[in-house]
Peer 1: 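Below: one structure in C-alpha cells.
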Amino acid sequence: MNYRSTRNSSLNVSSAHAIVKGLSDEGGLFVPESIPALTKEEILGLGDKKYSDRAYDVFSKYLTDFTPEELKHCVESAYNSKNFDSDNIAEITKLKNGRYILELWHGPTCAFKDMALQILPYLLTTSAKKEVKGKQIAILVATSGDTGKAALEGFKDVDGTSICVFYPEDGVSPMQKRQMTTQDGKNVNVCAVKGNFDDCQNGVKAIFTDKDTENKLSDNNILLSSANSINWGRLAPQIVYYVSSYAQLVKDGQIEYGEKVNIVVPTGNFGNILAAYYAKLMGIPVNKLICASNSNNVLTDFINTGVYDRNRKFYTTVSPSMDILISSNLERLLYHFTGENDSLINEWFTSLKNSGRYEVDENVKKQLSEQFYAGFCSDDETKAQIRKTFEEEHYLLDTHTAVAVKVYEDYRAKTGDATKTIIASTANPYKFGRAVFDAVNGGEQPEDEFELIARLEKATDTKIPAPLAATKDKAVRFTGYVEKQEMTGAVLDFLKS
C-alpha cells in the first residue's frame, strides 16, 4: 500500500515515508492509493478479539511496509491497561432510542486524541528507522485543546524526538490549559499564541513548507513531523475505533451484521469524521455520517451548500476543540470525491488561502448530500442538552459530545430516521468542568477550578478521572506566549536549547 499527495497524484511513497513527513512538500496531505476492504468474516472475527488485535488487523491493511513484529509492538505498547483505564479501550454506553455513546476518552489525557496519540510515537519511531535513521524528529502541533496534551503525553521523553505545541491563549478550557502547561518531560515545549486555533494551524503549516527553516534544521540533523491529524499516522488509528465499535455491537447482539448504523461526530478539523468515512469505505455498513458543529458552523454550511467560506465571525465557545474555521482534513475527502483530481484540489485550496473561499462542483455537492448530514447548535443549546441527558438518563456529557447529541436529535426529528446510531464521545466532561457545572447546576461558580470540580462531583454523583485530578498539585512549567508571526522563531529557539 503506497500513498499519494492530495496536491500531487504522481507522488508514490510508503506509509513510513508518509508518517515521518506528515505533510507533503507542496503542502498536500498523504492518502492511501486505495481503500482496503474488510470481508464479512473479518468483521465478525474482530468481535472475539481484544482492541489491540483489532487495531493490528486494520493497520496490516494500510501499513504494509511494517513487519508483523513491528505492528504487534506498536499496538500492544499503545493499547493496554497501563495507558487506558478500561480493558476495552473504547467503551460503548447504550442510551435510549437506539443511541450508543462511543467513549473515546479512557486514555491518559481523557480525550479521544489518546486513541491515536498513544500509538503515533511508536508508528513514527518505527517509520523513522526505515526512512531517516539517525535523525532527530521534531514534532510540531497546533491544538485547540485536546491534541496538544495527548501529543505531549505520547511523545514525552521518547528517544530521538522532541515536541513543540502551540495553542490559542484564550481558546482552551482552564483544565486543558493546566494539562498542557504542567506537562513533564525533558523534550517538550508548550507555547501560547496570541490568536485563535486557525492562526496556530496556519503557523505550523507555514513552518512545514518554509525551505529556509527546513535547511536550518537539516544542518542540525533535525527533521520536522506532525502529530496533528494531517499526519496519516494520526488518522489511521481513528479508523480502528469505528470498525471496532461496529464489530462489538454485532458481538453484543445490539445489531445484526449488515444492519446499517448512523455515525455522529462532533468535529472541527474533520479528521474524526473522515476516519468514519474510511471505515464505511472499508465495508462497515453506515447509513449517514452526521457532522455536528458549534457556532463555528463553516462545515455545516459547506456540506449543505458546497461553498466553503471562512470569512465569517469566529466564536469562542464552550466546545473549544471545535472552534475552527479551516478544516484541514476536508482536503482528503474532496480528493476522493473528485476522483483524485489534484488540479482541482490545488485550485480550490489556493483559492481558500488567497480569498478564504471556494466552491466545489456539482458532482462533489451530490456526493456530500448523499453521504453526509450537517447541523450545528449554540452554547445555550449545548448546555441544555447536557442538562436534559443528565436528567433523563443520568449520563454526563461533555460540551463536544453534547453538540453531537443535540445535532443528532435535530436530524432524527427532521428526517424520522430511527437507524441505530453511534455517537462519538470525544472527551470526559471534567475537562470542561465550568460549562458542564453551569449546565447541570447553574448559579455562582467558585474561582478555584478544583473547588468547582468538587461541587460538580457532588451534584452529579460522578468522579473526576485520576489523570485530571493529578494536575492539581503539579507545578506550571510553561507560561510564555508569542505573536502568530513569531512561531517560527519559537520553534528554532526551542530546538537549539
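Note that the numbering runs from 1 along the sequence shown for the chain.
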Peer 1: Could I get the full list of ring pair (Phe, Tyr, Trp, His ring centres under 6.0 Å) partners for Y411, not counting sequence neighbours?
Peer 2: Y373
Peer 1: Can D398 and K431 be counted as an ion pair, charged N to O under 4.0 angstrom?
Peer 2: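 The answer is no: the pair does not qualify as a salt bridge.
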Peer 1: Could you give all pairs that pass the salt bridge (charged side-chain N to carboxylate O under 4.0 Å, His left out) test and reach residues 310-319, with sequence neighbours left out?
Peer 2: D301-R312
Peer 1: Among residues at least two apart in sequence or on other chains, which ones pass side-chain hydrogen bond (donor to acceptor under 3.5 Å, both in side chains) with K420?
Peer 2: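 In terms of side-chain hydrogen bond (donor to acceptor under 3.5 Å, both in side chains), with neighbours along the sequence ignored, K420 is linked to no residue.
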Peer 1: Name all pairs fulfilling the salt bridge (charged side-chain N to carboxylate O under 4.0 Å, His left out) condition that reach into residues 375-386, sequence neighbours left out, sorted by first residue then second.
Peer 2: K383-D438
Peer 1: To the closest 0.5 Å, what do you measure between CG (D410) and OG1 (T415)?
Peer 2: 10.5 Å
Peer 1: Are F66 and H73 close enough that their ring centres sit under 6.0 Å apart?
Peer 2: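 Between H73 and F66, which both carry aromatic rings, the centre distance is not below 6.0 Å.
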Peer 1: Ignoring hydrogens and angles, tell me if any N or O in the side chain of R234 forms a donor-acceptor pair with the backbone of A116 under 3.5 Å.
Peer 2: no
Peer 1: Under 3.5 Å, side chain of N262 to main-chain N/O of N287, donor-acceptor pair present?
Peer 2: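 No, the answer is negative, given that no donor and acceptor are paired below the 3.5 Å cut-off.
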Peer 1: Apply side-chain hydrogen bond (donor to acceptor under 3.5 Å, both in side chains) to Q201 and N269, showing your working.
Peer 2: CA-CA 10 Å; Q201 183 166 249; N269 218 14; 3.1 Å; yes
Peer 1: Not counting sequence neighbours, list each pair that qualifies as a ring-ring contact (aromatic ring centres under 6.0 Å, His included) and has a residue in residues 413-463.
Peer 2: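 Counting only pairs at least two positions apart or across chains, the ring-ring contact (aromatic ring centres under 6.0 Å, His included) contacts touching residues 413-463 are H400-F432.
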Peer 1: Check for a donor-acceptor pair, side chain of S369 on one end and backbone N or O of K366 on the other, with a separation under 3.5 Å.
Peer 2: yes
Peer 1: Could I get the full list of side-chain contact (heavy atoms from CB on, under 4.5 Å) partners for Q254, not counting sequence neighbours?
Peer 2: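 Result, side-chain contact (heavy atoms from CB on, under 4.5 Å) vs Q254: K94, Y100, L249, D252.
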Peer 1: With rounding to the nearest 0.5 Å, note down the distance linking CG in L468 to NZ in K463.
Peer 2: 12.5 Å
Peer 1: Counting only N and O atoms by type, is there a donor-acceptor contact under 3.5 Å from the side chain of S162 to the main-chain atoms of N187?
Peer 2: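 Flag not set: sc S162 to bb N187 has no pair under 3.5 Å.
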Peer 1: Please list all pairs meeting salt bridge (charged side-chain N to carboxylate O under 4.0 Å, His left out) that have one or both residues in residues 190-203, counting only residues at least two apart or in different chains.
Peer 2: E169-K194, D199-K484
Peer 1: Decide side-chain hydrogen bond (donor to acceptor under 3.5 Å, both in side chains) for S328 and K205; before the verdict, give the C-alpha distance in whole Å, the side-chain angles of both, and the deciding distance to 0.1 Å.
Peer 2: CA-CA 10 Å; S328 291; K205 282 186 175 181; 2.9 Å; yes
Peer 1: Enumerate the residue pairs fulfilling ring-ring contact (aromatic ring centres under 6.0 Å, His included) with a member in residues 163-204, sequence neighbours excluded, ordered by first and then second residue.
Peer 2: none
Peer 1: Given 3.5 Å as the limit, does a donor-acceptor pair link the side chain of Y308 with the main chain of S327, or not?
Peer 2: yes
Peer 1: If the threshold is 4.0 Å, N to carboxylate O, is there a salt bridge linking R99 and E393?
Peer 2: yes
Peer 1: Does T399 use its side chain to pair, donor to acceptor, with the backbone of V318 at less than 3.5 Å?
Peer 2: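 It does hold such a pair.
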Peer 1: Over all heavy atoms of both residues, which pair between T143 and D146 is shortest? Give the atoms and the distance, please.
Peer 2: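 What the structure gives for the nearest pair is OG1-N, 3.6 Å.
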Peer 1: Find the distance between OG1 (T109) and CG (L152) and round it off to the nearest 0.5 Å.
Peer 2: 9.5 Å
Peer 1: Which pairs, with at least one residue in residues 317-337 and sequence neighbours excluded, count as a salt bridge (charged side-chain N to carboxylate O under 4.0 Å, His left out)?
Peer 2: R7-E331
Peer 1: Between the side chain of T421 and the main-chain N/O of T419, is any donor-acceptor distance below 3.5 Å?
Peer 2: yes
Peer 1: What distance do S77 atom OG and Q118 atom CD have between them, rounded to the nearest 0.5 Å?
Peer 2: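 Here the interatomic distance stands at 10.5 Å.
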Peer 1: Please name all residues satisfying side-chain contact (heavy atoms from CB on, under 4.5 Å) with D48, sequence neighbours left out, ordered by chain then number.
Peer 2: K251
Peer 1: Sequence neighbours excluded, which residues qualify as side-chain contact (heavy atoms from CB on, under 4.5 Å) partners of A236?
Peer 2: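 For A236, the residues satisfying side-chain contact (heavy atoms from CB on, under 4.5 Å) (neighbours in sequence not counted) are F59, W232.
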Peer 1: Is any NZ, NE, NH1 or NH2 atom of the basic residue among E449 and R434 found under 4.0 Å from an Asp or Glu carboxylate oxygen of the other?
Peer 2: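 Salt bridge flag = yes for R434 with E449.
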Peer 1: D87: which residues meet the side-chain hydrogen bond (donor to acceptor under 3.5 Å, both in side chains) condition with it, sequence neighbours left out?
Peer 2: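 With sequence neighbours excluded, D87 shows a side-chain hydrogen bond (donor to acceptor under 3.5 Å, both in side chains) to no residue whatsoever.
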Peer 1: Just verifying a value: how many Å separate T382 OG1 and F376 CZ, rounded to the nearest 0.5 Å?
Peer 2: 11.0 Å
Peer 1: Hey, are the side chains of Y408 and N97 touching, using non-hydrogen atoms and a 4.5 Å cut-off?
Peer 2: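 The answer is no; the side chains never approach within 4.5 Å.
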